[in-house]
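Because the structure is a prediction, the values reported are computed rather than measured. Lettering follows sequence order; numbering is per chain, from 1.
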Number of protein chains: 2
Amino acid sequence: MKKTTIYDVAEEAGVSLATVSRVINGSNVVKPATRERVLDAIKKLDFKPNQIARGLATSKTTSIAIVFPESLFAHVKDMIGGIGDTARTLDYNISIYTTEEIGDGNPVNSVLEKVIKSRADGVVLFNSDNVDNEIEMMKKYNVPTVVIGYEVEDDNLCSISVDAKSISKEITNDYLDRGIDDIIFVKPRQNLVRLDEFADGIKEAFAAHGLTFGDERIISTSTHYEKSYPFFQNYFKDHRHQLVLNGYDKEAVAVVNGAQDNGIAIPDDMEVIGMMNTSYSIMSRPALTTIHVPVYELGAMAIRLLTKMLNGEEITEHKVIVSTHLIKRNSTK
Amino acid sequence: MKKTTIYDVAEEAGVSLATVSRVINGSNVVKPATRERVLDAIKKLDFKPNQIARGLATSKTTSIAIVFPESLFAHVKDMIGGIGDTARTLDYNISIYTTEEIGDGNPVNSVLEKVIKSRADGVVLFNSDNVDNEIEMMKKYNVPTVVIGYEVEDDNLCSISVDAKSISKEITNDYLDRGIDDIIFVKPRQNLVRLDEFADGIKEAFAAHGLTFGDERIISTSTHYEKSYPFFQNYFKDHRHQLVLNGYDKEAVAVVNGAQDNGIAIPDDMEVIGMMNTSYSIMSRPALTTIHVPVYELGAMAIRLLTKMLNGEEITEHKVIVSTHLIKRNSTK
DNA sequence: TTGAAAGCGCTAACAT
DNA sequence: ATGTTAGCGCTTTCAA
């Protein structure tokens, strides 16, 4: 069964292919009567223009590539709603490329290679160990890019990131002011947000109080609850703290549950603060106080920024920094 | 800055474009020395073949479209790992298309139209109110399709679904045998799995015990915890049951939390069983007994089936039915 | 083993 | 207002 092409439509309507092309592209120079004939032929033949051929002819694929490491999957999931909705509204397709850090043969580059070959009009990248390399690649091939969770800017390159430092500093300051200084920071190994900056905020607050927040107070954890929960269940057998700051809600739930298993009352004996304001935070018992990050909007903004670049529109901010705020629930006093 | 093409490489290497094409496609008729020259030129020019042009020439896009309603997002998220990993291994790209049921202008069809225009080699569909229509469309345009969560089969059409009926019947039977018959079923409005069959399983078990499971025992809920939790918090003010079966873990957590808020002890006063075995089930307090559905594998299988169709390989099962099993944790006795 | 040339299905000048 | 034609960047016969 042969696919019907623009030629078939042209023949059916008794016009040239150029005219058919004009009507499917909404040109306004076509005589209404002709347009009708063409439209009828299109309907009769169930013709759908081949986007691939169109892409070749116009050098535009109307598609955007989203590239991220598998380990960031949980975070990207939350964001992909905003990405998808916005892309759909603006008539772009999105293609997903995941990189996996494990394994040999430089898989990351082979993924980037696919992205380049696909001739996506633009790409959105996520903060990862390899992000500099990825940015370099996109620049080399001159593809408009927006990076999420990492601060950069350049020609054809914008970024959207979260101001993690201000909020962590603010929160820490507040506790320190009240004399609460036995604080630890649980830092999941991967995150959308730059958690080093989160840690820096804590350190600055300590410094401002004439104290030191040493790296031994930072606990690196897996992003898998199956691993982090047993860890904390064990950890709290012989550790107590006043406040646990977390880089992600999921780990905060592991902390809450692990601590409660050891008879530590939340928030009376220990306070816990999560990050991202995901549904985990409201499902937790007690519900988590957490730092709200507008994840959906981050995705939406990324696509909007990208399409602006693609359309050559003026961009006022190449480097967007999104601020956050604390949502108080029951895991803090 | 012009993109470098196969012509540039040909010129650089002093061969014709046909030869370049041969080496990038791994033809074994090229003389090693020539191949070297071409490879050098490719490297020197950083040439990446244009997949769009190749797609036009070969009528193959090496891309697979995944189509699902936004409301199923939470479920698809869990599965997309399996889809992505498998697609990457088999060298297919995946493009995501979401349909949204709200709104006017028949948006579902406009999405399907994009899928057709994209000339994806194959498509993966998900169970939804509109799935029959979608299947029809794919059949009309002759695109190989696999449907997840819905039983169908045909030329160029396979399906993978979950046997929800057997498990619900089995579980219900077990409780009924022990004289426990105050059972309700919480049915989220959207699901990957056909929850009507789940309900049928319950009904059959009741019938086998000479009892009736009326539809008033089925509670339809939102898939948003923000909505389902307040509902159950209120519901359990004046309702008690022995067992609550749920179509999805997230709603089960809402049941657990809502019931506990009203002093109902889980599992002593009431037992709760979730479905899917997501991370929600282990984060819940008590941890949920839940029906394990191999979601990752469902996604992986879908892609494998699809690529088999694309390669014209023999397919033994067009209609795959996946079975499930109960994982006992602490929300049941 | 290599090159020439046609063609994939469109768009976009350029003519008419 | 419509038709003709030259690409877009590849793959794939067919010749040499």
Plane angle bin for A/Phe68 and A/Phe126 - parallel if under 30°, tilted between 30 and 60°, otherwise perpendicular: perpendicular
Atom pairs under 3.5 Å: protein N/O with N/O of nucleotides 2-4 of chain D:
residue	atom	partner	partner atom	Å
D/dT2	OP1	A/Thr34	OG1	2.3
D/dT2	OP2	A/Lys31	N	2.7
D/dT2	OP2	A/Thr34	OG1	3.1
D/dG3	OP2	A/Ser16	N	2.7
D/dG3	OP2	A/Ser16	OG	3.2
D/dG3	OP2	A/Thr19	OG1	2.8
D/dG3	N7	A/Arg22	NH1	3.3
D/dG3	N7	A/Arg22	NH2	3.4
D/dG3	O6	A/Arg22	NH2	2.3

Expressed as a whole number of angstroms, how long is the span from [X]:[atom1] to [N]:[atom2]?
X: B/Ile116; N: C/dG9; atom1: CD1; atom2: P; result: 16 Å
X: A/Lys117; N: D/dC8; atom1: NZ; atom2: P; result: 22 Å
X: A/Lys48; N: C/dC10; atom1: NZ; atom2: P; result: 13 Å
X: A/Asn25; N: C/dA13; atom1: CG; atom2: C1'; result: 14 Å
X: A/Ile42; N: C/dC10; atom1: CD1; atom2: C1'; result: 13 Å
X: B/Glu11; N: C/dG3; atom1: CD; atom2: C1'; result: 16 Å

What I want to check is whether an N or O donor and acceptor connect the side chain of A/Tyr7 with the base of C/dC10 at under 3.5 Å. yes
Classify the side-chain pair B/Ser95/A/Asn93 by whether it contains a donor and acceptor separated by less than 3.5 Å. no
Do the side-chain N and O atoms of A/Ser161 and A/Arg194 include a donor-acceptor pair separated by under 3.5 angstrom? no
Among residues 54-63 of chain A, which contact DNA chain D at a heavy-atom distance under 4.0 Å? A/Leu56, A/Ala57
Would a 4.5 Å heavy-atom cut-off, applied to side chains only, mark A/Ile148 and A/Asn127 as touching?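 Not touching, per the 4.5 Å side-chain cut-off.
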Do A/Thr86 and A/Met301 have side-chain heavy atoms sitting under 4.5 Å apart? no
Side-chain ion pair, B/Arg88 and B/Asp85, N-O less than 4.0 Å: yes
For A/Lys308, does the NZ atom sit with more than 12 other heavy atoms under 6.0 Å from it, leaving out its own atoms?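 It does not: A/Lys308 NZ has 12 such atoms or fewer within range.
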If each of A/Thr5 and B/Asn28 is mapped to the nucleotide of DNA chain C with the nearest heavy atom, which maps nearer the 5' terminus, i.e. the 5' end?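 Residue closer to the 5' terminus by nearest nucleotide: B/Asn28.
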Picking from B/Leu192, B/Val193, B/Val131, what satisfies side chain to side chain contact (heavy atoms under 4.5 Å, CB included) with B/Tyr150?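 For B/Tyr150, the side chain to side chain contact (heavy atoms under 4.5 Å, CB included) test succeeds with only one of B/Leu192, B/Val193, B/Val131, which is B/Val131.
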Decide salt bridge (Lys or Arg N to Asp or Glu O under 4.0 Å) for A/Asp155 and A/Lys139; before the verdict, give the C-alpha distance in whole Å, the side-chain angles of both, and the deciding distance to 0.1 Å. CA-CA 9 Å; A/Asp155 283 359; A/Lys139 194 187 298 265; over 6 Å; no
Just call it for A/Ile52: base, sugar-phosphate, or nothing, with non-hydrogen atoms closer than 4.0 Å on any strand.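 Counting heavy atoms under 4.0 Å across all strands, no contact is made by A/Ile52.
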Determine: side-chain N/O of A/Asn50 to OP1/OP2 of C/dC8, distance under 4.0 Å, yes or no.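 So the side-chain polar atoms of A/Asn50 never come under 4.0 Å of the phosphate oxygens OP1 or OP2 of C/dC8.
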